[in-house]
**Q** 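Got a structure for you, questions after.
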Amino acid sequence: MAAFGTVFMPEMALATYQNDQWSDTQIVQSDSIQLHPGAHVLHYSSTCFEGLKAFRHADGSVKIFRMDENIKRMVQSSRLLNLPAIQPDQLAQMIKDIVKQYADEVPAPPGSMYIRPTHIGTEGAIGKAAAPTAASMLYVLLSPVGDYFTGGAKPLRLLLAEDGMRCAPHMGMIKSGGNYASALGPILQAKADVNADQILFCPGGDVQETGAANFVLIDGNEIITKKLDSTFLHGITRASLLTLAADLGMQVSERELSVTELLERAAKPGTEAALSGTAAVLTPVGTLIQHGKEYKVGSGEAGPTTMKLRQALNKIQWGESEDKHGWLTSL
Ligand SMILES: *Cc1c(COP(=O)(O)O)cnc(C)c1O
């Protein structure tokens, strides 16, 4: 299987904004776009994106998971970045149109079609370091993906980073390229230094999230994760898993979690930790690393509650259990 996100469908849906209005949607080749070398995005990072998935059901239909939530978040990201306002109905139609066009290519579970809406500032204006772009481009790429979990992915190793942060705090809830650029150096350093898969950013000792996924701690019947604020990404997988955990009778605690409490709880047998995100779904965390010392989370292996929640989510996505919360969109 090719690496996640390296295979693309040959066409994408695209719309452009200029002279204060959006163009109609076009279906265009997905291997290139034309961009002015002075485009705002290339200099001042006016860019945001989304990641969501379409799933093939046993009856042959294709459903998109929580599309409306992803569109809402992209509208918000665009607003917070002072990009032109996205029209939610147009973006919804763009996503549905392009997925419909490639419906036959949507892999069966555990695979899926990963959908990557992208919004970039295109005005050629290098004098606009402190001014918004007047033009932009919105496109929706498709990439068929497998499940990197099959074959038993090893539980992750996370370095706890208490000094430094993933990105500037006022940017945390925006799904924007600059934030990943900001976190890349520290993540590569953590890989080189302690063979960590990811950094768990804990600014000032407050357990937040990793470079591209939210963090949850599971202790018995309780699932604990940081309460939403503007400093970190509001994962739609996170919200979905918390809803499912409540459905399963678990106690959902959205609150501050300190590094001290995390390490205390992780030391108890039976404790589980995991990362949540559209790509990760819910991926077990086996080891926490702090100041050169390694701490196993519970047994250090994938735990039963993690697997149960992961399966509950997958079953809805795959059409194997009832979509009680109305999370699936038909084409
Ligand atoms: C995308 C992302 C997540 C997960 O969000 P989902 O909506 O669950 O896919 C979490 N943290 C960061 C930094 C992200 O970029």
Side-chain angles (χ1 to χ4, degrees), residues 4-5 45 47-55 64-78 80-81 91 95 112-119 141 143 145 147-149 156 158 161 164-187 190 197-203 206-217 223 225-245 254 257 273-283 285 306 309-310 312-314 316-317 325 327-329:
F4 183 94
S45 292
T47 171
C48 58
F49 67 91
E50 273 305 323
L52 64 164
K53 284 175 171 173
F55 296 90
I64 305 172
F65 186 70
R66 304 208 76 173
M67 181 181 78
D68 294 343
E69 290 300 311
N70 284 273
I71 290 174
K72 257 193 238 166
R73 192 168 64 190
M74 193 165 201
V75 166
Q76 176 175 273
S77 291
S78 295
L80 293 171
L81 289 167
L91 178 54
I95 293 171
S112 58
M113 186 67 86
Y114 185 84
I115 305 166
R116 172 56 67 93
T118 309
H119 190 196
L141 277 170
S143 175
V145 295
D147 179 2
Y148 66 54
F149 201 75
L156 301 175
L158 304 185
M165 44 185 83
R166 173 178 172 257
C167 61
H170 69 289
M171 299 291 286
M173 66 194 280
I174 313 175
K175 209 165 176 75
S176 181
N179 290 344
Y180 304 85
S182 158
L184 183 58
I187 293 168
D197 296 299
Q198 263 292 349
I199 291 180
L200 180 56
F201 291 97
C202 309
D206 172 33
V207 177
Q208 193 190 51
E209 67 168 334
T210 64
N214 295 121
F215 178 82
V216 300
L217 184 69
I223 181 166
T225 194
K226 185 172 167 63
K227 191 174 157 161
L228 296 181
D229 66 26
S230 59
T231 66
F232 75 108
L233 211 284
H234 302 181
I236 294 160
T237 313
R238 169 193 177 283
S240 307
L241 288 164
L242 294 184
T243 300
L244 294 176
E254 294 185 71
L257 173 66
L275 296 187
S276 90
T278 295
V281 189
L282 191 61
T283 297
V285 171
T306 301
L309 287 169
R310 182 187 169 89
L313 182 66
N314 275 154
I316 293 173
Q317 293 174 326
H325 300 285
W327 287 343
L328 300 177
T329 299

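Model, not experiment: these values are computed from the prediction. Counting starts at 1 for both ligands and their atoms, following the listed order.
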**Q** Do the ring planes of Phe49 and Tyr180 sit parallel (below 30°), tilted (30 to 60°) or perpendicular (above 60°)?
**A**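 Ring orientation, 0 to 90° scale: tilted.
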
**Q** Are any protein N/O atoms closer than 3.5 Å to the N/O atoms of ligand 1? If there are, list each pair with names and the distance to one decimal place.
**A**
{"unit_1": "ligand 1", "atom_1": "7 (O)", "unit_2": "Arg73", "atom_2": "NH1", "d": "2.8"}
{"unit_1": "ligand 1", "atom_1": "7 (O)", "unit_2": "Arg73", "atom_2": "NH2", "d": "3.1"}
{"unit_1": "ligand 1", "atom_1": "7 (O)", "unit_2": "Ile236", "atom_2": "N", "d": "2.8"}
{"unit_1": "ligand 1", "atom_1": "8 (O)", "unit_2": "Ile236", "atom_2": "N", "d": "3.3"}
{"unit_1": "ligand 1", "atom_1": "8 (O)", "unit_2": "Thr237", "atom_2": "N", "d": "2.9"}
{"unit_1": "ligand 1", "atom_1": "8 (O)", "unit_2": "Thr237", "atom_2": "OG1", "d": "2.7"}
{"unit_1": "ligand 1", "atom_1": "9 (O)", "unit_2": "Thr278", "atom_2": "N", "d": "2.9"}
{"unit_1": "ligand 1", "atom_1": "9 (O)", "unit_2": "Thr278", "atom_2": "OG1", "d": "2.6"}
{"unit_1": "ligand 1", "atom_1": "11 (N)", "unit_2": "Glu209", "atom_2": "OE1", "d": "2.6"}
{"unit_1": "ligand 1", "atom_1": "11 (N)", "unit_2": "Ala213", "atom_2": "N", "d": "3.4"}
{"unit_1": "ligand 1", "atom_1": "15 (O)", "unit_2": "Lys175", "atom_2": "NZ", "d": "2.7"}
{"unit_1": "ligand 1", "atom_1": "15 (O)", "unit_2": "Tyr180", "atom_2": "OH", "d": "2.2"}

**Q** Are Glu50 and Arg73 within salt-bridge range, i.e. N to O under 4.0 Å?
**A** yes

**Q** Any heavy-atom pair between the side chains of Gln198 and Leu156 that's under 4.5 Å?
**A**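 No, too far: nothing below the 4.5 Å cut-off.
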
**Q** Roughly how far apart are Leu228 CG and Thr231 OG1, rounded to 0.5 Å?
**A**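 Reported to 0.5 Å precision, the distance equals 9.5 Å.
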
**Q** Heavy atoms only: give me the nearest Leu275-Ala213 pair and the separation to one decimal.
**A**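 Scanning both residues, the minimum pair turns out to be CB-CB, 3.9 Å.
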
**Q** Would a line drawn from the ring center of Phe4 to the ring center of Tyr114 be shorter than 6.0 Å?
**A**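 Between Phe4 and Tyr114, the centre distance is under 6.0 Å.
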
